[in-house]
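Take a look at the structure below.
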Amino acid sequence: MSCLKQTYEINKSDALLITDIQKDFLPGGALPVSGGDEIIPALNWYARFFESAKGYVFASRDWHPANHVSFKAQGGLWPLHCVQNTKGANFSPDLILPGDTGVISKAMDPKKEGYSVFDGTLFADELRIRGVKRLFVGGLATDYCVVNTVIDSRKLGYDTVVLMDATMGINVKPDDVDKAIQAMLKAGAQQATMVDFSDAVEKLTTAQDAPDAMEEESSERAAVKKKSRMRPKGSSKRVRTEK
Ligand code: VGL
Ligand code: ZN
């Protein structure tokens, strides 16, 4: 019997992009994505995994000026959200990012709506400088930031993989997320979930067994359904800020 299942091997030509895990996009926030918090354990797992495998980790943030065109007061679609330097624009405290995570701020031009992390940012340059060839994308929202970022990523020639167990959409119309997924596939993106990294999970488990894994039964571990070392909370929250 042949094995048809693809397993991704991650190295320094790979990058993980975690989009917009900010308080305003989570339950209780100004523009909450229903169930948006449920993907955080998976994203934490991917971040930890990419760090261990020497892949790069990036986190984007929607980072609007208060007079941004996307807001209803300016004729846009959305309530005020992710305004620069407000609490709602902060990353979720539940998101655990490696210390050298690259933070990309987006949608900062007051006159221009921009959902893609490539739009008006230095993200493509950051990837090129590092020699990244393949981009794995998870986060919020599937039908805005994620779909536009993935399509741009394909246009720029990156192999692009959507992390289906680590993204959630808004569905302003009920089939928006389905359409977004179709559009990403049409653009040549692949789809993956944590099990597609399972060989590497075994390696991670055996190589990094540590007593602090017992610290708490995390939802992250439950989600992965494999024993894998849990980084103690707070040990890797610092992120590199932009110049
Ligand atoms: C987004 C709605 C409003 C996104 C940004 O990046 O997904 N969605 N602003
Ligand atoms: Zn926005």
Side-chain angles (χ1 to χ4, degrees), residues 15-40 42-43 46 58-92 95 97 101-124 126 135-156 160 162-184 187 189 242:
L16 168 68
L17 171 64
I18 296 174
T19 60
D20 300 11
I21 303 298
Q22 293 163 277
K23 287 183 170 181
D24 273 344
F25 287 130
L26 296 168
L31 176 45
V33 180
S34 176
D37 52 334
E38 291 164 18
I39 64 172
I40 296 177
L43 289 166
Y46 283 116
F58 290 89
S60 69
R61 59 183 185 182
D62 210 26
W63 197 244
H64 299 306
N67 62 344
H68 192 258
V69 68
S70 75
F71 301 141
K72 281 175 180 158
Q74 270 66 236
L77 278 179
W78 309 110
L80 210 61
H81 67 276
C82 298
V83 175
Q84 294 169 8
N85 302 307
T86 61
K87 276 191 185 156
N90 286 341
F91 288 125
S92 165
L95 182 67
L97 296 170
T101 298
V103 175
I104 308 290
S105 302
K106 69 182 178 72
M108 297 190 290
D109 181 344
K111 298 255 170 314
K112 202 166 167 288
E113 181 57 282
Y115 295 117
S116 167
V117 178
F118 289 99
D119 193 354
T121 73
L122 296 175
F123 187 43
E126 300 282 357
L135 187 61
F136 294 79
V137 186
L140 302 171
T142 318
D143 38 357
Y144 291 91
C145 183
V146 172
V147 63
N148 286 285
T149 301
V150 164
I151 288 171
D152 281 353
S153 174
R154 289 296 303 141
K155 283 181 186 159
L156 291 165
T160 310
V162 187
L163 301 172
M164 298 302 293
D165 51 358
T167 183
M168 196 71 77
I170 299 174
N171 269 343
V172 171
K173 289 192 229 105
D175 57 351
D176 282 354
V177 168
D178 290 343
K179 282 183 179 161
I181 291 166
Q182 291 314 311
M184 292 190 277
E242 292 175 315

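Residues take their numbers from the sequence shown, with the count starting at 1. Atoms within each ligand, like the ligands themselves, are counted from 1 in listed order.
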Could you list each N/O atom of ligand 1 together with any protein N/O atom closer than 3.5 Å, one pair per line with the distance?
{"from": "ligand 1", "atom 1": "6 (O)", "to": "Asp20", "atom 2": "OD2", "distance (Å)": "2.9"}
{"from": "ligand 1", "atom 1": "6 (O)", "to": "Lys106", "atom 2": "NZ", "distance (Å)": "2.9"}
{"from": "ligand 1", "atom 1": "7 (O)", "to": "Ala141", "atom 2": "N", "distance (Å)": "3.2"}
{"from": "ligand 1", "atom 1": "7 (O)", "to": "Cys145", "atom 2": "N", "distance (Å)": "3.0"}
{"from": "ligand 1", "atom 1": "9 (N)", "to": "Asp62", "atom 2": "OD2", "distance (Å)": "3.1"}
{"from": "ligand 1", "atom 1": "9 (N)", "to": "His81", "atom 2": "NE2", "distance (Å)": "3.1"}

Taking only distance into account, with no hydrogens and no angle test, what donor-acceptor pairs under 3.5 Å do side-chain atoms of residues 175-183 form with protein atoms, sequence neighbours excluded?
{"from": "Asp176", "atom 1": "OD2", "to": "Val172", "atom 2": "N", "distance (Å)": "3.4"}
{"from": "Asp176", "atom 1": "OD2", "to": "Lys173", "atom 2": "N", "distance (Å)": "3.0"}

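When each of His64, Gln22, Lys23 is tested with His81 by the rule side-chain hydrogen bond (donor to acceptor under 3.5 Å, both in side chains), just one qualifies, namely His64. Of the candidates Ile21, Leu26, Asp165, Ile39 forms a side-chain contact (heavy atoms from CB on, under 4.5 Å) with just one, namely Ile21.
At distances below 3.5 Å, at least one donor-acceptor pair connects side-chain atoms of Thr149 with backbone N or O atoms of Val117.
Between Asp62 and Lys106 there is a salt bridge, with a side-chain nitrogen of the basic residue lying less than 4.0 Å from a carboxylate oxygen of the acidic one.
For the Zn ion (ligand 2), the tally of protein N/O/S atoms lying closer than 2.8 Å stands at 3.
Under the side-chain contact (heavy atoms from CB on, under 4.5 Å) criterion, Lys155 pairs with Ile151, Asp152, sequence neighbours left out.
Taking NE2 from His68 and CE from Met108, the interatomic distance works out to 9.5 Å, rounded to the nearest 0.5 Å. Atom OG1 of Thr121 sits about 12.5 Å away from atom CG of Asp109, to the nearest 0.5 Å.
Ring centroid separation for the pair Phe58 and Phe123 comes in under the 6.0 Å cut-off.
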